[in-house]
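These figures come from a predicted structure and were not determined experimentally. Just so we're on the same page: letters track the sequence lines, and every chain starts at 1.
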Number of protein chains: 2
Amino acid sequence: MSKSELVVLGQDAEPAACCSPMVREPLDAADAVDLARMFKALADPVRLRLLSLIASHEGGEACVCDLTGPFDVSQPTISHHLKVLREAGLVGSERRGTWVYYRAVPGALARLSALLAIPPAARPGTPA
Amino acid sequence: MSKSELVVLGQDAEPAACCSPMVREPLDAADAVDLARMFKALADPVRLRLLSLIASHEGGEACVCDLTGPFDVSQPTISHHLKVLREAGLVGSERRGTWVYYRAVPGALARLSALLAIPPAARPGTPA
DNA sequence: GCGTTGCATCGACATCCGTCAATACAACAG
DNA sequence: CTGTTGTATTGACGGATGTCGATGCAACGC
């Protein structure tokens, strides 16, 4: 793992590709599979808390060493959860010597947020 | 089931109770359990598509009879998924004679959307 | 009341998933 | 190279979940 896995900025350009609010039009099956995978990554309390710890951490990133303490689960479990988040595209990681740092992927969060948003001018099902 | 289960409007008042953006501060454990449950309900492609069908349906609601056709799964599976969505608080239902109508709960979606939002003036970890 | 339609529930099954102890791998210092 | 620290992976285990056919329940018309 000599190359950085930390995502390049520019992810922000991606949200529009898939996810206008779901209340506006039905999701297609392919998008749904992709999105369900991301929601599945969020569907565990420990992972939610990990993500929020990472995302809100000073400097916008957190070292695994900052993440193994606050939970009542073992280190391998934390690693496993981080892997799930990483593979879902919600976080990126970068090794700096012994230490591994994780950072949230803003574009991915924004994508999900946009999907769930209620359009301001319309309510569900109200023609926009 | 003679009383309506369709949620009363006013749910919009609730999002603020829990979910400012997770990138702003770490989630507490109790909130994480509650939110993970909702994300779990979204963590299945069929359920995502069901929710989007319901939410985008004309009139803001859909009858189960509108929902059993578009998927390659059986009617009991659709019912099961609708139950999961309902129990997660993402949809409400109302029986009208033989027909049962489902409607998305805007407040619940807005709550999740707000949780995942990236604050406009700050990026993850940037002091606001 | 009976037959029909719509929808929910039940029970079984195969698959998936969170957790852990043990272990492997990466990086570093001496 | 060895020992140490940090982190990821492995394999086992018990529990959770999506799916189905069968069935039960709700509502309706006759």
Once you round it to whole Å, what is the distance between [atom2] of [N] and [atom1] of [X]?
X	N	atom1	atom2	answer
A:Glu87	D:dA8	CD	C1'	12 Å
B:Phe71	C:dC7	CZ	P	14 Å
A:Leu50	D:dA8	CG	P	11 Å
B:Arg86	C:dC7	CZ	P	13 Å
B:Glu94	C:dG6	CD	P	19 Å
B:Ile78	D:dT17	CD1	C1'	16 Å
B:Asp66	C:dG6	CG	P	12 Å
A:Trp99	D:dT5	CH2	P	11 Å

Would one find a side-chain N or O of B:Tyr102 under 4.0 angstrom from OP1 or OP2 of C:dA8?
yes
Less than 4.5 Å apart, any side-chain heavy atom of [X] and any of [Y]?
X	Y	value
A:Phe39	B:Leu112	no
A:Asp66	A:Leu53	no
A:Leu50	A:Val91	no

Qualifying disulfide bond (SG atoms under 2.5 Å apart) pairs with a residue from [range], counting only residues at least two apart or across chains:
range	value
residues 20-51 of chain B	none
residues 39-89 of chain B	B:Cys63-B:Cys65
residues 73-104 of chain A	none

Applying side-chain contact (heavy atoms from CB on, under 4.5 Å), run through A:Arg37 and A:Lys40 and close with a yes or a no.
CA-CA 5 Å; A:Arg37 184 147 151 267; A:Lys40 184 164 293 189; 5.6 Å; no
Among B:Glu61, B:Glu94, B:Arg86, B:His57, side chain to side chain donor-acceptor pair (under 3.5 Å) partner for B:Tyr102
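Exactly one pass, corresponding to B:Arg86.
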Residues at least two apart in sequence or cross-chain that pass side-chain hydrogen bond (donor to acceptor under 3.5 Å, both in side chains) with B:Glu25, listed by chain then number, are none
Tell me, for nucleotides 13-22 of chain C in 5' to 3' order, what letter each nucleotide earns: B for a base near a protein heavy atom under 4.0 Å, S for only sugar-phosphate near one, - for neither?
----SSBBBB
Nucleotide nearest A:Ser79 (side chain, heavy atoms from C-beta), chosen from C:dG6, C:dA27, D:dT9:
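Closest of the options to the side chain of A:Ser79: D:dT9.
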Distances under 3.5 Å only, N/O to N/O: pair up the protein atoms with those of nucleotides 28-30 of chain D.
none

